Amino acid sequence: MAAPLELSCWAGGWGLPSVHSESLVVMAYAKFCGAPLKVNVIDNTWRGSRGDVPILTTEDNMVSQPAKILNFLRKQKYNADYELSAKQGADTLAYIALLEEKLLPAVLHTFWVESDNYFTVTKPWFASQIPFPLSLILPGRMSKGALNRILLTRGQPPLYHLREVEAQIYRDAKECLNLLSNRLGTSQFFFGDTPSTLDAYVFGFLAPLYKVRFPKVQLQEHLKQLSNLCRFCDDILSSYFRLSLGDG
């Protein structure tokens, strides 16, 4: 019998199985390929020291980061991409790189850097999941990590340059959303009728942006104008996670 697969990830809210993009990527991929994950959500009994989830553990392996977790699952014969052509496989890599370069900085900014969103939504929610006294420390550390990741992605020097690149971050993200909407068109998934790795990444990045209620919503408003991307998120939630759509 295969070793059990356990996924440690952030919990859900707002009608989502997790509010954390990278946790959602792995959870969606596992649903698409039928990997039998036991999901352990972080709560106030958590013994971790950093917010570096998701983490997949087996009897003799511990794997973090979505790309590495998905590669591990493929080696265990849980492959959501086995029907893709070579060109579709190459397109998947190109689109994931685009998501990480153009969309992720704006998603991170929306959650962790935009002060109204961070202090009224993100920080209180994550702190509520974490035991004291780590709850006082970890959200701030995660915010700094998100900021560093944004600046690294943009190739910018430290903090004082952030305001200069904010407008460009959101322009790039809106262009990326438009491109995704055009690519999806009226299809159910990005490569037809069967979900794949690309669908897991797009869902993971878009669903929290779509569902979490923020006071500052400029990117969220743009996403909600792209009805096929919203339908895409709703369909995955209802078909694979069987969650209520009433929280959107």
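This one's a predicted model, so the numbers in the text were calculated from it and none came from an experiment.
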S.K.: What's the spacing between D81 CG and L70 CG if we round to 0.5 Å?
M.R.: 8.0 Å

S.K.: Is there a side-chain contact (heavy atoms from CB on, under 4.5 Å) between L103 and L206? Walk through the geometry before answering.
M.R.: CA-CA 9 Å; L103 184 59; L206 293 192; 3.7 Å; yes

S.K.: With rounding to the nearest 0.5 Å, note down the distance linking NZ in K31 to CZ in R242.
M.R.: 7.5 Å

S.K.: Does a donor on one side chain sit under 3.5 Å from an acceptor on the other, for R74 and N71?
M.R.: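 The criterion, which ignores hydrogens and geometry beyond distance, is satisfied for N71 and R74.
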
S.K.: Under a plain distance cut-off of 3.5 Å, with no hydrogens placed, do Y29 and D199 share a side-chain donor-acceptor pair?
M.R.: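 Not at all, the side chains of D199 and Y29 share no donor-acceptor pair under 3.5 Å.
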
S.K.: Would you compute the distance between atom CD of Q88 and atom CG of L198 and round it to the nearest 0.5 angstrom?
M.R.: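 Taking CD in Q88 and CG in L198, the distance rounds to 10.5 Å.
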
S.K.: Is there a donor-acceptor pair closer than 3.5 Å between any side-chain N or O of E114 and the backbone N or O of L108?
M.R.: no

S.K.: Can you give me the closest heavy-atom contact between P139 and S135, atom names plus distance?
M.R.: CD-O, 3.3 Å

S.K.: We want to know whether S8 and N40 form a side-chain donor-acceptor pair, criterion being a heavy-atom distance below 3.5 angstrom.
M.R.: no

S.K.: Applying side-chain contact (heavy atoms from CB on, under 4.5 Å), run through L73 and L5 and close with a yes or a no.
M.R.: CA-CA 9 Å; L73 291 174; L5 303 171; 3.9 Å; yes

S.K.: Could you check whether any side-chain heavy atom of F72 comes within less than 4.5 Å of a side-chain heavy atom of L56, counting everything from C-beta outward?
M.R.: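 With C-beta onward as the side chain, the pair touches.
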
S.K.: Give the cluster check for I130 versus F119: same hydrophobic cluster or not, with ILVMFWY residues linked at side-chain heavy-atom distances below 4.5 Å.
M.R.: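 Yes, I130 and F119 fall within the same hydrophobic cluster.
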
S.K.: From L177 CG over to L229 CG, what is the distance, rounded to the nearest 0.5 angstrom?
M.R.: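 Output value for this atom pair is 6.5 Å.
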
S.K.: Please verify the inter-ring angle class for W112 with F126; under 30° counts as parallel, over 60° as perpendicular, anything in between as tilted.
M.R.: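 W112 and F126: tilted rings.
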
S.K.: Measure from the ring center of F190 to the ring center of F232 and say whether it is less than 6.0 Å.
M.R.: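 Yes, they do, as the ring centres are separated by less than 6.0 Å.
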
S.K.: Does a side chain donor of either Y170 or H222 reach within less than 3.5 Å of an acceptor in the other side chain?
M.R.: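 Note: Y170 and H222 side chains miss the donor-acceptor criterion.
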
S.K.: Can you tell if the side chain of F189 reaches within under 4.5 Å of the side chain of I236, non-hydrogen atoms only?
M.R.: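 In short, these two side chains touch, coming nearer than 4.5 Å.
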
S.K.: Using modelled atom types only, decide if a donor and an acceptor are shared between the side chain of N182 and the backbone of N178 within a distance under 3.5 Å.
M.R.: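 Confirmed, N182 side chain pairs with N178 backbone.
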
S.K.: Counting only heavy atoms not in D116, do more than 12 fall under 6.0 Å of its CG?
M.R.: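 Yes, the 6.0 Å shell around CG holds more than 12 heavy atoms from other groups.
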
S.K.: Are F32 and Y240 near enough that their ring centres are under 6.0 Å apart?
M.R.: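 That pair passes the under 6.0 Å test.
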
S.K.: Taking the side chain as everything from C-beta on, heavy atoms only, tell me whether T110 gets closer than 4.5 Å to N117.
M.R.: yes

S.K.: Measure the CG-NZ distance between L136 and K123 for me, rounded to the nearest 0.5 Å.
M.R.: 8.0 Å

S.K.: Would you say N228's side chain and S181's backbone share a donor-acceptor pair under 3.5 angstrom?
M.R.: yes

S.K.: Of the non-hydrogen atoms in I150 and H109, which two are nearest, and what is the gap between them?
M.R.: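 So the two residues come closest at CD1-N, 3.7 Å.
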
S.K.: Has Q220 got a side-chain atom pairing as donor or acceptor with L209's backbone, closer than 3.5 angstrom?
M.R.: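 Present.
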
S.K.: For S187 and R231, work out which heavy atoms get closest and say how close.
M.R.: O-NH2, 2.9 Å

S.K.: Quick one: do L180 and Y95 satisfy side-chain contact (heavy atoms from CB on, under 4.5 Å)? Show the steps, please.
M.R.: CA-CA 9 Å; L180 291 172; Y95 272 98; 4.1 Å; yes

S.K.: Is it the case that one hydrophobic cluster holds both L184 and L179, taking links as side-chain heavy atoms less than 4.5 Å apart, direct or via other members?
M.R.: yes

S.K.: Taking C-beta and beyond as the side chain, do V19 and T122 meet within less than 4.5 Å on heavy atoms?
M.R.: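 V19 vs T122: side chains apart.
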
S.K.: So, do L104 and R149 sit near enough that their side-chain heavy atoms are less than 4.5 Å apart?
M.R.: yes

S.K.: How far apart are the closest heavy atoms of G15 and L237, and which atoms are they?
M.R.: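 Looking at all heavy atoms of both residues, the closest pair is O-CD2, 3.8 Å.
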
S.K.: Does K68 form a side-chain contact (heavy atoms from CB on, under 4.5 Å) with Q65? I'd like the steps, not just the answer.
M.R.: CA-CA 6 Å; K68 292 179 181 177; Q65 300 175 14; 3.5 Å; yes

S.K.: Is the closest side-chain heavy-atom distance between C33 and N79 below 4.5 Å?
M.R.: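 Answer no - side chains too far apart.
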
S.K.: If you take all heavy atoms of P54 and E22, which pair is closest and at what distance?
M.R.: CG-O, 3.5 Å

S.K.: Evaluate the ring planes of H20 and W10, with Trp represented by its six-membered ring, and classify them as parallel (under 30°), tilted (30 to 60°) or perpendicular (over 60°).
M.R.: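 Ring orientation, 0 to 90° scale: perpendicular.
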
S.K.: Roughly how far, to the nearest 0.5 Å, is the CG atom of N148 from the CG atom of L151?
M.R.: 6.5 Å

S.K.: For the pair E166 and K216, find out whether any cationic side-chain nitrogen is under 4.0 Å from an anionic carboxylate oxygen.
M.R.: no

S.K.: Would you say S21 and V107 make side-chain contact, with heavy atoms under 4.5 Å?
M.R.: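 Yes, their side chains come closer than 4.5 Å.
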
S.K.: Minimum heavy-atom separation for C176 and L99, please, with both atom names.
M.R.: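 Here C176 and L99 meet closest at SG-CD2, 4.3 Å.
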
S.K.: Under 4.5 Å between any side-chain heavy atoms of Y210 and L226, yes or no?
M.R.: no

